[in-house]
Every structure is written in C-alpha cells, then in structure tokens.
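Scroll down for the structure; my scribbles are underneath it.
Everything quoted here is computed from the prediction, not taken from an experiment. Atom set for the values below is all heavy atoms of this structure, side chains included, hydrogens, waters and symmetry mates excluded. Residue numbers start from 1 in every chain, and the chains themselves are labelled A, B, ... in the order their sequence lines are given, proteins ahead of strands.
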Amino acid sequence: MRNPKSLLSSCIRDPKALSTLHALLTVSGTLSSPSSIADSLSRLIFSYARLPDLPSALLLFDSSPHKPISAWSAIIVSHSRHPHHLLGLYHRMISGPTTPDSPIFSVALKACAASSDLDLGRSIWARAVDSGYKGDAFVGSSAVKMFAELGAVEDARRVFEGMRRRDLVSWTSMVSGLARAGFAVDAVETFRRMRSDGYEGDGVAMLALLRACAAVGDLRLGRSVHGRLLRCNVGGSMEIETSVVDMYVKNGEAHLAVRVFEAMRGRRSAVTWGALISGLAQNGLAADALRRLIEMQRLHGLCPDSAALVGALSACSQTGSLESGKSVHGFMMRRLGLGLKPVSVTALVDMYGKCGSPGSAEAVFCQTGAKDPIMWNAMISAYGAHGLGREALSLFLEMREAGVTPDGVTFSSLLSALSHAGMVEEGLAWFKRMVGEFRVRPDERHSACVVDLLARSGRIEEAKRLVDLMEGEPGTAVWAALLAGCQNSKGSETGLAVARRVFEARPDDVGIYTLVSNVFAKAGRWELVAEARKAVKDSGRRKVPGYSAVEVDGAVHGFVMEDKSHPQFGMIKQVLGRLYQQMRRMDCALEEEFEVLDFGKF
DNA sequence: GTGAATAGCT
C-alpha cells in the first residue's frame, strides 16, 4: 500500500476519503505499528476534528491499540470546545502510564476555567509542576487565566512570578486576569512592568488595560492609553473603541465619551450605542440617554439590545419618567418576549419601583420564574420606597423560603423599608439576626438604617450608643441619620453634643453642615450656627441640591430647594399647604418649612 | 492543531 502520510495528505478535508483511509489503516494493521505511523494517527484525528467529526476521531483513537502521547494530545486538544469531554479524556489519560505534554496541560487548565472547577484546576497545575512545566509560557498563561477567573488571584500571581520566560501572551494573561478580578490598580501596575520588559501590548492587552482604567478611575492613564491607540493605529477595532467610550463614561467624562462616540460614525454597533446610553444614564444625563435610544432606532435603524434597554430603564428611574419606562418595557416584550434576562427584569422592577408604581413592579416580579438574589433585593427596595414595610418583610421571608440566601444588600433594603414604615421593633430584631445568624458584617448603610430607625422613634440615646460602639469613624450617612433624629426631638443635650462632634470632625460632605447648623439653631447656639456657615463658605464647596421629580402627562417636573420658578408654583404651594394642615391634624412630625422649586422641564 | 479577549448591564 501507499505511504499513509501521502494518502492522508491527499484526502484531508474529504470525509469520504478519510473514512476509507481509516478503514484501510485499521484493517491493514498499520495503526498498530507504533513508530513511523504515530504521527499519521494524530494527523488523522485532527483531520476528523476539523470536519468536525469528533465521534469518528474518538472511534479512531479508541480503536488504535497503541496510544502514543501525540495521539492523546490530538484527541484532547481536538475537544477544546467541549470542556466536559476534554476533562473526561484527561482523566482517562492520567489513569494510564502516559504523562501529559504542554498542549494537554494548557487546554485542560483552560477547560477548568470554562467549567469553573477550581479544585480540578489546582490538581492539574500541581501535576504540571511535577512534570516540569512550571516555567512553560503556554501552561503558565492558561493557569494564570484559570486561577484569576475562578477568584484565586494570589495563585495566579504565584504562577506568573514563577514563569521562566514571559512573552506578550503571558503578560497579557496577568494584566487581564487582574483587571477582571477587580484588582485594577495591580493590573495597571503589571502593565507598566510589561512595558519596561519591552512589550508594547496589542489589541488584546489594550482591551484588558482599558477595562482596568475604567474600574480604577484612572483618567490620566486612560487618556494616555487612548492617545497611544490613536498614534499606533491600533484603535481601529470597534471593540477597542467601544471600550474607550466605556472607560470615559466610567471616569465620569461623558463629554469625552460622546466625542469618541461621534468620531466612530459609521463604525458603531448596537453594543457601542448601549455603552453610551447606559453611560449617560450612569452620569446622571438621563434625558440624553433616552434621546440616544430614540436616535439609535429612528436615525440609524439599529435595534437596541437588552443592555441598551437596561441603560434606558435606569435613566427612566432617575427622572421618574414612568411613561418612557413603560414604552421601554413594551419594546422589550415585543422584541424579547418571555426570554427576558434577569438583569432586564431587575431593571424593570427597579424602574417601576422608583417611578411610583410598586404594583407594576410586583406584576413583573411575580411573572418571572427563576429569580436571582438581585431581583429579590430590587423588589424589597420597591416596597420600601413606598412605605410598604409589611410587604417588604413578607417578601423577605418568602425569599428565604425559596432557598435564596440574603446578602448585605438584601438587609439594607429590608432595614430601610422597616425604618420608613416605622416598624422599629422588627427592624432592630432583624438587624440583630443579620449580624448573629446570617453573619453579614454591618456596613455603613446598615448602621445608618438602624440609627435612623432608633432616631426616628426618638430613641436618640440608644442611637448614639450604637454609633459609639461602631468600629472606626462613622461615615456621613450615619451622622446624617443621627442628626436628623436629633433635629426632630426637641432640644436634647445629646443632639448638641453629636452636632459638635460632627462639626469638629469637619467631614468632606457639605450637605451635613446644614443638619449640624439646624441642630445648633434649635439649641439657640447662634454663634455655632455662624461658625458652621463660615466653615462651609471657607471650604469653597457648594452643597449639591437634592431634588425630586414627578411626571405629569408625559412631562417631567423637577423640584429643588430654594427656587420658585415653576409656572404653577402658587398652586403647588397651596396644595402643599392643605396637605400640611391635614397632616398636622393627623399629628405627624413635620418639617416646619417647605419650598418647592423647579429647574425647568427635562 | 497548546496560551491572553470579543465590548455594554441591576
């Protein structure tokens, strides 16, 4: 018969000829000759894999009595897109006498990353080290990626530092692994080391670096990366440019993001639009975000995908644009129907909750089968925002019955709901259980909720004791809750003491000085009021005005403190006056003054 | 036909 190698080369990519050859080789027993033909066996396996016909590749591999390392390598590498089967073959191999080679270790580690199997990943890496592959650039890069992706960042670092020789890919695997794991500062630092080692970084490295710049908020570095992309002409790819838009957005530079976006005219995908829309929303430019969503469809004929719609929903939540939110919801249902992703459902629940429609939030929530923890949290918050403490609590209990573990955010939402509904005892009890039973470490938000809970019901002394027990200096939210409580309870000594303490700590947040000086004023300590005002003035900062918004017949009206420019100001003031009288009759604790203002329509 | 990534989102 002809030389199998030449036969093989004549029939590569021809399935019929391949199977004939396979039969021929098997029958003639050629495959049992180990030396010269081993190479043909692995090439044949790869040929089947390329078709792709993995069952035949496996059949051929299994029918061969001799399985040289090259054949194992071929069959395992051929299963790269099927991590589960790949790892099965790996196990078969190591239970025999053959030692894996570099390609096998690389793809096996990669498969562990894909199937999130950290334990197996560790044992494969240990075997690779025993077999002398500790310094191998290929095996090392796979191990770095696997460890970083599965949360074992320290192991990733150890592997990386132990590599004999580092090349572009191994450097990039470390930079990207750190960026992905949230160690943005370290990612940037590693990139600097990479450059001093002589590697400039290609498109892949730039994507990782931009992600790190976005996360770490390093605008200077981000700009310099952007500059280098422009100079080196690497910036041509849509993915990289979209990442640049995202990087500026995450650094709070919406104007620069828009500029880059405009320069991409003609090379923008739905993802690019989505990055801009959600970015504008994140930067408080809700109206721009919604305008862009319409522009994308009407002027450019692009269909927004779920991420763009989620960005738009977040814009609606901020401005209270219920009508816009509803139409985004309608569009989602028409486009995506029942296949809504959990993030989309959560965004809808959040939007309805913040736009004053807890009932609609509930409807969306209840219609969804598989609920993730974030969705539960959003629904509990929606109840809380409307003072529906009972509903929030019973949903929380339902969540536990469904076997979902509450996290820190869940308790923030629950405590805040209980506090707004005045359910003091329940709130305190759940805070205790949160710490004792659920082992959730209280953060600033939890403490602020509990302090608020106590302070609202006039238990200022207890609130203060809790603050004193907190480790470290309490943050602004805690002080604000305590001071707000002191403001309502009349002329307490504790209030004055707390206000002095906060004032002396000179917090950065300007808003808190208002609360401080209100407490001073209530105690009649006008000299302290003057001092507090002076401190704010000297700091040169201005308080960012708080505002609220309401939608009437599709137009959104925003209201801020100390401005009377709304065209219907007089009427609004009258209505509020009536409400005030009613509330007084109902014996509600009231702010003594209220002013309503408008900063125009959005 | 061994390794890095394929953007945006609660």
(request) Please state whether the phosphate of B/dT6, meaning OP1 or OP2, lies under 4.0 angstrom from any side-chain nitrogen or oxygen of A/R211. (result) yes

(message) On the nucleotide B/dC9, are OP1 or OP2 found under 4.0 Å from the side-chain N or O atoms that A/K250 carries?
(response) yes

(request) Check every atom of B/dT2, B/dG3, B/dC9 against the side chain of A/S278 and return the nucleotide holding the closest atom. (result) B/dC9

(message) What is the distance, to the nearest angstrom, from the CE atom on A/M332 to the P atom on B/dT10?
(response) 11 Å

(message) Nearest to the A/P103 side chain among B/dT2, B/dA7, B/dC9, which nucleotide is it?
(response) B/dT2

(request) Can you check whether any acceptor in the base of B/dG3 is under 3.5 Å from a donor in the side chain of A/D136, or vice versa? (result) no

(request) Measure centre to centre between the rings of A/F105 and A/F138, then say whether the value is under 6.0 Å. (result) no

(message) Among B/dT2, B/dA5, B/dG3, which nucleotide has an atom closest to any side-chain atom of A/V204?
(response) B/dA5

(message) I'd like to know if A/S243 reaches the base of B/dA7 with its side chain, counting only an N/O donor and acceptor under 3.5 Å.
(response) no

(message) Closest approach to the side chain of A/M238, judged atom by atom: which nucleotide of B/dT2, B/dA4, B/dA7 is it?
(response) B/dA7

(request) Go through B/dT2, B/dA5, B/dA7 for me and flag the one nearest to the A/V77 side chain. (result) B/dT2

(request) Write down the distance between CG (A/L276) and C1' (B/dA7), rounded to a whole number of angstrom. (result) 13 Å

(request) With heavy atoms under 4.0 Å as the rule, sort A/N377 into base, sugar-phosphate or nothing. (result) nothing

(request) Select one nucleotide: of B/dG3, B/dT10, B/dC9, the one nearest the side-chain heavy atoms of A/A307. (result) B/dC9

(request) For the pair A/H82 and A/H85, name the ring-plane relationship: parallel under 30°, tilted 30 to 60°, perpendicular over 60°. (result) tilted

(request) Give the rounded distance in Å between these two atoms: CZ of A/F191 and P of B/dA4. (result) 19 Å

(request) Let me see the working for A/V245 and A/M264 under side-chain contact (heavy atoms from CB on, under 4.5 Å), right down to the final yes or no. (result) CA-CA 10 Å; A/V245 170; A/M264 286 175 74; 4.2 Å; yes

(request) Apply side chain to side chain donor-acceptor pair (under 3.5 Å) to A/R92 and list each qualifying residue two or more places apart in sequence or on a separate chain. (result) A/D62

(message) Taking the minimum atom-to-atom distance to the side chain of A/S170, which one of B/dG3, B/dT10, B/dA5 wins?
(response) B/dG3

(request) Measure from NE2 on A/H226 to P on B/dA7 and round the result to the nearest Å. (result) 19 Å

(request) Using the test side chain to side chain contact (heavy atoms under 4.5 Å, CB included), find all partners of A/A212 that sit at least two apart in sequence or belong to another chain. (result) A/A179, A/A184, A/A187, A/V188

(request) Kindly point out which of B/dA4, B/dG3, B/dT10 is positioned nearest to the side chain of A/A347? (result) B/dT10

(message) Let's see if you can work this out: which of B/dG1, B/dT10, B/dA4 has an atom nearest to the side-chain heavy atoms of A/K110?
(response) B/dA4

